[in-house]
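Input: a single structure, listed below in structure tokens.
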Amino acid sequence: MSIDITVKIGGEAGQGIQTVGDLLALVCRKAGLYIMAINDYESRIRGGHSFFQIRIADRPVTAPHHKTDLLVALSRRTIDLHEKELAEGGLIMTDQAEDGEKENLVSIPINDLAVEAGGKITANTVAAGVCLSLLGAPFNLYREVLSEHFSKKSDKVIQDNIKAAELGYKAVEKRVFHRAFHWDFGQPKGMLMDGAKAVAYGALAADCRVAAFYPMSPATGIMAELIARSDVFPIVVEQAEDEIAAVNMIVGASFAGARAMTSTSGGGFCLMTEGLGLAAMSETPIVIVNAQRPGPATGLPTRSSQSDLLFVIRASQDEFPRFVFAPGTVAEAYESMLRAFDLSERYQVPAIVLTDHYMHTSVWLNDTELTVPDVVERHIADKPADDPDNYNRFAVSTSGISPRIIPCTGEALIVSTGNEHREDGHISEAIDDRIAMVDKRNAKMKAMTAEMAPPEALFGDAGTLLVGWGSAGGAIREAVELLRDEGYDAGALLFADIWPFPADAVENRLKQCKRFLMVEMNSTAQLGSLIREQTGLAHSGTILKYDGRPIYPVEISDGFKRIME
Amino acid sequence: MVDVNDYNNEYENKWCPGCGNFGVIAAMKDALVKQAIAPHQILLISGIGQAAKLPHFMKCNMFQTLHGRALPIATGARMANHDLNIIVNSGDGDCYGEGGNHFLSAVRRNVDITLLVHNNKVYGLTKGQASPTSDMGMVTKIQRHGVISEPFAPLSVALSLGAGFVARGFAGDTEHLSYLIVEAMAHRGFSLIDILQPCVSFNKVNTYAWYKKRVYKLEETGYRPDDFEEALRLARQWGDRIPIGIVYREEKPTFEDKIPGLKEGPIISRRYDASKVKQLFT
């Protein structure tokens, strides 16, 4: 029997919903299961309505499921809002029952049990205990997780929580839940990771030394991860006065010889576009992570979207080469950071990594092995030491790449400017200099394009391809499975490398299918526009979601069927 | 031995004849030579404006960046390598206008850099509009009825934010300005020299003659720059008598001192250790 169970915990902000979810995820990992969990919350610290939804499976799962098997309602509103999502035979576990128990409702006095265990603060441990008991998880597993989770706290805290767990288990020991299963899946299959952690770890593996940022949801989590590790890793993280300062700080840091990054969301990226241009003009490598959320302006601060693609590939005035990556999984997010730092330095251009709220705040069990470079190649020139007087920072070359040095590390002088300049870096308005420098910068594009991986094909020879990018890939993958199980000739193309656009590879792929449909989290199919611009090929339909919420596989398969009818 | 000629380059100067910037660049070269700093040991960072062009006219490491952004660029450079000796050249529009927020933050951080603000109280590069420091009532082609805002008071603002080295120089007194630059560079922490600088093309009020009649040197009055209240009073003195010199000096822990990760030396000098990355996954 295959395991695929969704537990949804809902309540008000500040009630500790996330803690219940974290405990469930830790127990599942320990049991050798896979999980995928999403966090849904409002832009507030207390009150309102939030939920944490965890999917538990015995195989890798890449997207959330639209049906809930076990709904944990820590507020009355959770029942009102989510009861309709219950799967057949699903249960609601709550301490909010008003008219006694119904057939599908388990009433548990969570707070009373918590007080009995040692304090209200253990309520989340009680709630997770109830869930695990209903699902048939061995108590010992939970006890081990609690001991590890609270290992830095006092013995009393650990004992209280174990007591709370016991009370939660006991409260439903007689209840039979048909989704209970035998928890025996061997060793943990990997590590629990959210996108923020994946991006931060990728940056550390890439030897990022300086990070600057201005707090903005959902990007701040990356910096929190970096700061948490700055005692062990050689990295300095500074909270800047605004996003303009943040991007310029990293330009300065990179100019001075450090690998440097910033992270923000769309609104902050708007402020960074000026600095992006400076990085381009001065050919200073930088990495910017744009964790997208819906806009324009403040938009939906705690929601997700894929609506900045065309913006970031064109952002800042005039034209210049840049890299844009849009990783679709946590493993890709990690690897994208490695590539962004390396390629940014190799070509002396800015690199942008496009993630989103969904990727940053969702948790996956990652079982893909991640690259850890033994040596980090910096692409810094050593030649000028031989002839420092004739060093030219912007020497024209066929590759467009000029020797880059670090200031004050030798006799050669570095002259750089955001104005158009001569080969030696001094300002010039001469026609020849302008043309030479534009051509030099653009000359990098050919080799940069060759660095781009073609989109990943799933059943690439299928008649109809679902085409998407970034984090929507997870749901598209599962939609293809659903559709093929139902006999549809469906496949997918998933883009993680966006710019420079791998036009030839894309054209070859798309020419082979009968039609392709765009699946994007924006209202105009931005990647679809780009594909048409770059290949001349047009999509035949769109499945678009721009309400800020995650896309579910079934929404894609339903959309597919609607278009095909 | 470092010679002043070491700092000369062949790049064509683009300032108006008589520009106050000539006094500033002469004082800078003199100060660097006095400290025996060679061109490859110094990094000049600037933004946009007539002042920000200065690094191009000196042979040394330089990065001319964006309007108002020299300070965050310099801050980032120091985060990467706090052995770098950095002077920032900025103007009143660049630093106090476009880069105002960065100025406030750089003072508060106490980044160990020297900031020279060529304050000519007018926009030169864009041809004569009022600047943040233009006096009330100054008439320009744009401010036809005179400037209606209070002038930005850089010294008072820097002092109130805890700046540890606050000075005022005069572009018409190169020797004194050179002395101030040496003192500012010797100061551990953020140092500001607001330089009174005539603009021969667009500021017909604050001319060389106007300043020469008014400026007096604090060093010649027996003033000791360690009294905060007195410093605030002097920072506000304007009109018939204008003080130049070190207004306030107090050493405090710098931005770089306060970052634990920089204790072992510049962050770029540390080694990459793959085993630490591998530990993240255990």
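Proteins get letters first, then strands, A, B, ... in listed order; numbering begins at 1 in each. If you're wondering where the values come from, they're calculated on a predicted model, not measured in any experiment.
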Residues A:E238, B:R78: salt bridge by 4.0 Å N-O rule: no
Among B:P260, B:S105, B:A70, B:G261, who wins on heavy-atom pairs under 4.5 Å with chain A? B:S105
How many angstroms lie between atom SG of A:C408 and atom CD of B:Q41, to the nearest 0.5 angstrom? 8.0 Å
Partner chain B: residue of A:G190, A:A256, A:A246 with the largest heavy-atom pair count (under 4.5 Å): A:A256
A:R259: salt bridge (charged side-chain N to carboxylate O under 4.0 Å, His left out) partners, not counting sequence neighbours: A:E345
Which atoms form the tightest heavy-atom contact between B:R271 and A:P234, and what is the distance? O-CG, 4.1 Å
Spacing of OH belonging to B:Y11 relative to CD1 belonging to A:I427, to within rounding of 0.5 Å: 5.0 Å
Between A:D231, A:V210, A:L278, which shows the greatest number of heavy-atom pairs under 4.5 Å with chain B? A:L278
Please list, one pair per line, the donor and acceptor atoms closer than 3.5 Å that link side chains of residues 22-30 of chain B to other protein atoms, with sequence neighbours excluded.
unit_1 : atom_1 : unit_2 : atom_2 : d
B:K29  : NZ     : B:N8   : OD1    : 2.8
B:D30  : OD2    : B:K34  : NZ     : 2.8
B:D30  : OD2    : B:S178 : OG     : 2.7

Indicate yes or no: at least one non-hydrogen side-chain atom of A:L204 is less than 4.5 angstrom from one of B:Y272. no
Can you tell me which of A:G275, A:G410, A:G425, A:S254 forms the most heavy-atom pairs within a distance under 4.5 Å of chain B? A:G410
With a 6.0 Å cut-off (strictly less than), is the heavy-atom count around CZ of B:F202, excluding the residue itself, greater than 12? yes
Against chain A, label B:K14 side chain, backbone, both or neither, depending on which of its atoms sit under 4.5 Å from a heavy atom there. side chain
Salt bridge or not between B:R69 and A:E274? Use side-chain N to carboxylate O under 4.0 Å. yes
Top residue by heavy-atom pair count (under 4.5 Å) with chain A, among B:L66, B:L262, B:I42, B:L71? B:L66
Examine whether an atom of A:M193 lies under 4.5 Å from a heavy atom of chain B, and if so say whether it belongs to the side chain, the backbone or both; otherwise answer neither. side chain
Test B:R109 against A:E241 for salt bridge (charged side-chain N to carboxylate O under 4.0 Å, His left out), laying out the working first. CA-CA 11 Å; B:R109 283 192 184 95; A:E241 55 270 29; 2.8 Å; yes
As an exercise: rank A:S230, A:A260, A:G252 by heavy-atom pairs under 4.5 Å with chain B and give me the winner. A:G252
With only heavy atoms counted, which part of B:I259 is less than 4.5 Å from chain A, the side chain, the backbone, both or neither? side chain
Heavy-atom pair with the smallest gap, counting every atom of A:M191 and B:L280: CE-O, 3.2 Å
With side chains defined as the heavy atoms from C-beta onward, is the minimum distance between B:I48 and A:N419 less than 4.5 Å? yes
Please report, to 0.1 Å, the donor-acceptor pairs under 3.5 Å made by any side chain of residues 49-56 of chain B, with sequence neighbours excluded.
unit_1 : atom_1 : unit_2 : atom_2 : d
B:Q50  : OE1    : B:K53  : NZ     : 3.1
B:H56  : ND1    : A:H426 : ND1    : 2.9
B:H56  : NE2    : B:Q64  : OE1    : 2.7

Please flag which part of A:I250 lies under 4.5 Å from any non-hydrogen atom of chain B: side chain, backbone, both or neither. neither
When you compare the side chain of A:F255 with that of B:L43, does any pair of heavy atoms fall below 4.5 Å? yes
Could you check which of A:V251, A:V415, A:N366 has the highest count of heavy-atom pairs closer than 4.5 Å to chain B? A:V415
Part of A:R393 within contact of chain B (heavy atom distance under 4.5 Å): neither
Quick check: do B:P72 and A:I244 have side-chain heavy atoms less than 4.5 Å from each other? no
Taking it one step at a time, do A:Y334 and B:F281 satisfy ring pair (Phe, Tyr, Trp, His ring centres under 6.0 Å)? CA-CA 12 Å; A:Y334 175 93; B:F281 305 118; 5.6 Å; yes
Which residues in residues 80-100 of chain B have any heavy atom lying under 4.5 Å from a heavy atom of chain A? B:A80, B:N81, B:L84
Contacting region of A:A211 [heavy-atom separation from chain B under 4.5 Å]: backbone
Looking at every heavy atom in both B:K276 and A:V232, which two are closest together, and how far apart are they? NZ-O, 2.9 Å
Do the non-hydrogen side-chain atoms of B:H102 and A:D242 ever get within less than 4.5 Å of each other? yes
Would you say the side-chain atoms of A:R209 pair up with the backbone N or O of B:R270, donor to acceptor, closer than 3.5 Å? yes
Roughly how far apart are A:D374 CG and B:S275 OG, rounded to 0.5 Å? 10.0 Å
In terms of heavy-atom proximity below 4.5 Å to chain B, should A:I235 be classed as side chain, backbone, both, or neither? backbone
What part of A:T284 is in contact with chain B, defined as an atom under 4.5 angstrom from a non-hydrogen atom: side chain, backbone, both or neither? side chain
Using a cut-off of under 4.5 Å for heavy-atom pairs, which of A:G257, A:A205, A:A258, A:G418 has the most such pairs with chain B? A:A205
With heavy-atom distances below 4.5 Å as the criterion, would you say the side chains of A:L413 and B:K59 are in contact? yes
A:Y201 and B:V277, any side-chain heavy atoms less than 4.5 Å apart: no
